[in-house]
Amino acid sequence: MVRVRFAPSPTGFLHVGGARTALFNFLFARKEKGKFILRIEDTDLERSEREYEEKLMESLRWLGLLWDEGPDVGGDHGPYRQSERVEIYREHAERLVKEGKAYYVYAYPEEIEEMREKLLSEGKAPHYSQEMFEKFDTPERRREYEEKGLRPAVFFKMPRKDYVLNDVVKGEVVFKTGAIGDFVIMRSNGLPTYNFACVVDDMLMEITHVIRGDDHLSNTLRQLALYEAFEKAPPVFAHVSTILGPDGKKLSKRHGATSVEAFRDMGYLPEALVNYLALLGWSHPEGKELLTLEELISSFSLDRLSPNPAIFDPQKLKWMNGYYLRNMPIEKLAELAKPFFEKAGIKIIDEEYFKKVLEITKERVEVLSEFPEESRFFFEDPAPVEIPEEMKEVFSQLKEELQNVRWTMEEITPVFKKVLKQHGVKPKEFYMTLRRVLTGREEGPELVNIIPLLGKEIFLRRIERSLGG
RNA sequence: UGGGAGGUCGUCUAACGGUAGGACGGCGGACUCUGGAUCCGCUGGUGGAGGUUCGAGUCCUCCCCUCCCAGCCA
């Protein structure tokens, strides 16, 4: 059975890059009838916050990427927060020490940093080995650690040999001998480092596939060595490409919105975001681009992941969002749009009227947040607009003649034509002026849709106000 | 300093060693009020140089550019 995991750190909001990784894991799990597991990697004590954990979950739920095992829903392989698994890591570290595959180090982090800088200044790679730390292991130093309640760090003895990774996306990757030196697996504060915790967890949680960003490709070398030390077969690895900003650098806040939450607040739909993200580094076998979550699940496969980085294109996402908006059932659209009207201070009194407004204006918006301003004239009178002198009589006559007309375009349009012809006014200029009188703007939905919905009373009132009556 | 990944229109992405195509964007047209909707058309690309081959985006070599790891962050 396929078991995959998404393992974010609760150090911020859900980034679209992480969301894309979660999405691929989710799609693969669902396609293979496997399990999608959420694991919280909260060993960075300074940056991790419970509030972020909750926000991450909220965003994943909003996207529709529901997990089968996790801190909230539990499961057979818990706990699902790394901070609750510290004893497990300690035991595994001690096992490696006993087997001679790891060792204690009594150097302070600052001392190690010094060694590192020295190596770099000498033009050498900052690789460590056990001999370098022996001088710190003295009775005085040990006593010191004990008095301060410190634990020695645990370093893993990195075997000096080649490692080969057959990655699903990247193909065969060879890590040459001497690529890295020994590395920390347990810190002096008693918490594990990323690579160690990751391997222990993936092993114990019986993860079959690790689908993650290729920024961790080089970390895989350490993890392969750890699997070997534990005498366990590693999972299948698939390193997906990185999402970059327009400048080719990693996508970050300086490029604009990067979190799922920010896009949600701007009025983007989960359907659109999921669809767009899925196409960054993956393609449908037939080249289809507009795909529901269900279609993504049925067509997804790891072998159609592409290895090159992708630049995030807000314009294509916005276009896609507009498409989903326009093709959504009006009832659902109404529910989703309401919060944006409330925020804009527009009161919705008549539900049916509201739906009709959305039906007309949706042609002209691409995100939910654009609805209020685009349709404000349906709910509030715009400031009166000056009618050009040569058209005042036209509007006066229309005001009179339309009083007793049944309010449909079939009966209204002939009146327009008749009056325009009588006054020798061109349709183009008339309609533009009418548009400004009714909406206060020069652009908007089609007048043939606006007029019936506004109703006779509002139509005539706005003409009257502009006539200065 | 050491190790690893990547490079196809502006962007995303397709192409058994055999026609470089699709989408978004941009430009133009149609839609007889406007237009962010709709329809039609155009524009536009294999980082560079060699090699192998009947034939190279694809295989090989060198060069260039970009990204990632070597944190007691993840």
Side-chain angles (χ1 to χ4, degrees), chain A residues 7-9 11 41-48 105 107-110 112-113 116 119-128 153-155 165 167 169-171 173-181 183-189 191-195 197-198 213-222 239 241-242 244 246-250 276 279-290 304 306-320 322-323 326 361-366 370 374 426-436 439 441-448:
Chain A
S9 295
T11 53
E41 300 195 330
D42 54 350
T43 55
D44 183 347
L45 293 180
E46 290 182 11
R47 297 194 291 170
S48 297
V105 171
Y108 288 116
E110 313 85 59
I112 299 176
E113 176 64 23
R116 172 177 144 79
L119 287 169
L120 280 173
S121 71
E122 292 170 355
K124 296 176 184 173
H127 296 164
Y128 306 121
V154 182
F155 270 67
L165 163 67
D167 187 271
V169 180
K170 309 286 184 179
V173 180
V174 182
F175 298 103
K176 304 299 288 182
T177 305
I180 57 173
F183 57 93
V184 187
I185 56 175
M186 291 295 283
R187 305 169 198 160
S188 53
N189 64 6
L191 293 179
T193 60
Y194 162 71
N195 284 302
C198 180
D214 64 6
D215 46 323
H216 285 296
L217 184 60
S218 301
N219 282 331
T220 313
L221 170 55
R222 292 173 182 73
H239 287 92
S241 57
T242 303
L244 308 175
D247 59 355
K249 312 280 187 191
K250 247 179 164 178
Y276 177 72
L279 299 181
L280 291 181
W282 178 85
S283 66
H284 185 273
E286 294 157 25
K288 279 185 65 177
E289 292 208 306
L290 295 169
R304 295 203 61 83
S306 100
N308 43 296
I311 296 183
F312 192 85
D313 184 359
Q315 281 185 313
K316 187 159 185 177
L317 168 61
K318 201 173 183 187
W319 163 78
M320 201 172 264
Y323 173 85
R326 292 189 293 278
T361 42
K362 69 182 183 184
E363 293 181 350
R364 296 187 49 77
V365 305
E366 291 186 301
E370 291 173 348
E374 189 62 31
K426 290 188 176 151
K428 190 177 185 117
E429 279 146 25
F430 163 72
Y431 283 116
M432 192 47 106
T433 304
L434 179 61
R435 170 176 294 284
R436 285 204 293 270
T439 71
R441 298 155 50 116
E442 298 195 333
E443 306 151 358
E446 296 185 316
L447 283 174
V448 295

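All heavy atoms count here, side chains included; hydrogens, waters and symmetry mates do not.
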Would you mind building the protein contact string for nucleotides 17-26 of chain B? One character per nucleotide, 5' to 3', B for base within reach (heavy atoms under 4.0 Å), S for sugar-phosphate only, - for untouched.
-----BBSS-

Would you give a per-nucleotide map of nucleotides 61-69 of chain B, 5' to 3', where B means the base has a protein non-hydrogen atom under 4.0 Å away, S means only the sugar-phosphate does, and - means neither?
------SBS

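Of the candidates B:G6, B:C33, B:G3, B:C33 carries the atom nearest the A:R435 side chain, counting heavy atoms from C-beta on. If you check B:C33, B:U13, B:G3 against the side chain of A:F175, the one that comes closest is B:G3. If you check B:G7, B:A14, B:G35 against the side chain of A:S306, the one that comes closest is B:A14. Among the nucleotides B:G3, B:C73, B:A5, the one closest to any side-chain atom of A:V173 is B:A5. For A:H127, taking side-chain heavy atoms from C-beta onward, the closest of the listed nucleotides B:G2, B:C33, B:A37 is B:G2. Counting only heavy atoms from C-beta on, A:P309 has its side chain closest to B:G6 among B:G6, B:C72, B:C33. Side-chain proximity of A:N308 to the nucleotides B:G6, B:A74, B:G35 is greatest for B:G6.
In terms of the salt bridge (charged side-chain N to carboxylate O under 4.0 Å, His left out) criterion, residue partners of A:E41 (sequence neighbours excluded) are, by chain and number, A:R39. Residues meeting the salt bridge (charged side-chain N to carboxylate O under 4.0 Å, His left out) test with A:E46, sequence neighbours left out: none. A:F175 is linked by a ring pair (Phe, Tyr, Trp, His ring centres under 6.0 Å) to nothing, counting only residues two or more places apart in sequence or in another chain.
Heavy-atom distances to RNA chain B give each of A:K176 and A:M432 a nearest nucleotide, and the one nearer the 5′ end belongs to A:K176.
If you check every strand for non-hydrogen atoms under 4.0 Å, A:L119 touches nothing. At a threshold of 4.0 angstrom between heavy atoms, the contacts of A:T43 are confined to the sugar-phosphate backbone, with no base atom among them. Contact annotation for A:A107: base contact, defined as any heavy-atom pair under 4.0 Å involving a base atom.
Around the OH atom of A:Y323, the shell of radius 6.0 Å holds no more than 12 heavy atoms that belong to other residues, nucleotides or ligands.
Formation of a donor-acceptor pair under 3.5 Å by the A:Y276 side chain with backbone atoms of A:D313 is found in this model.
The minimum heavy-atom distance linking A:R116 with A:Y128 is given by the pair CB-OH, 3.1 Å. A:L279 and A:E289 get closest at one heavy-atom pair: CD1-O, 3.4 Å.
Put simply, A:Y276 has no side-chain N or O that comes within less than 4.0 Å of OP1 or OP2 on B:U11.
Base pairing in RNA chain B yields stems of at least 3 consecutive Watson-Crick or G-U pairs, both distances under 3.5 Å, namely B:1-7 with B:64-70, B:10-13 with B:21-24, B:26-30 with B:38-42, B:47-51 with B:59-63.
The base of B:C72 is paired with the side chain of A:S188 by a donor and an acceptor separated by under 3.5 Å. Scanning atom types as modelled, no donor and acceptor separated by under 3.5 angstrom connect the side chain of A:E113 and the base of B:G71.
Residues A:E363 and A:R326 are not paired through a salt bridge, judged by the lack of any N-O separation under 4.0 Å between the basic side chain and the carboxylate.
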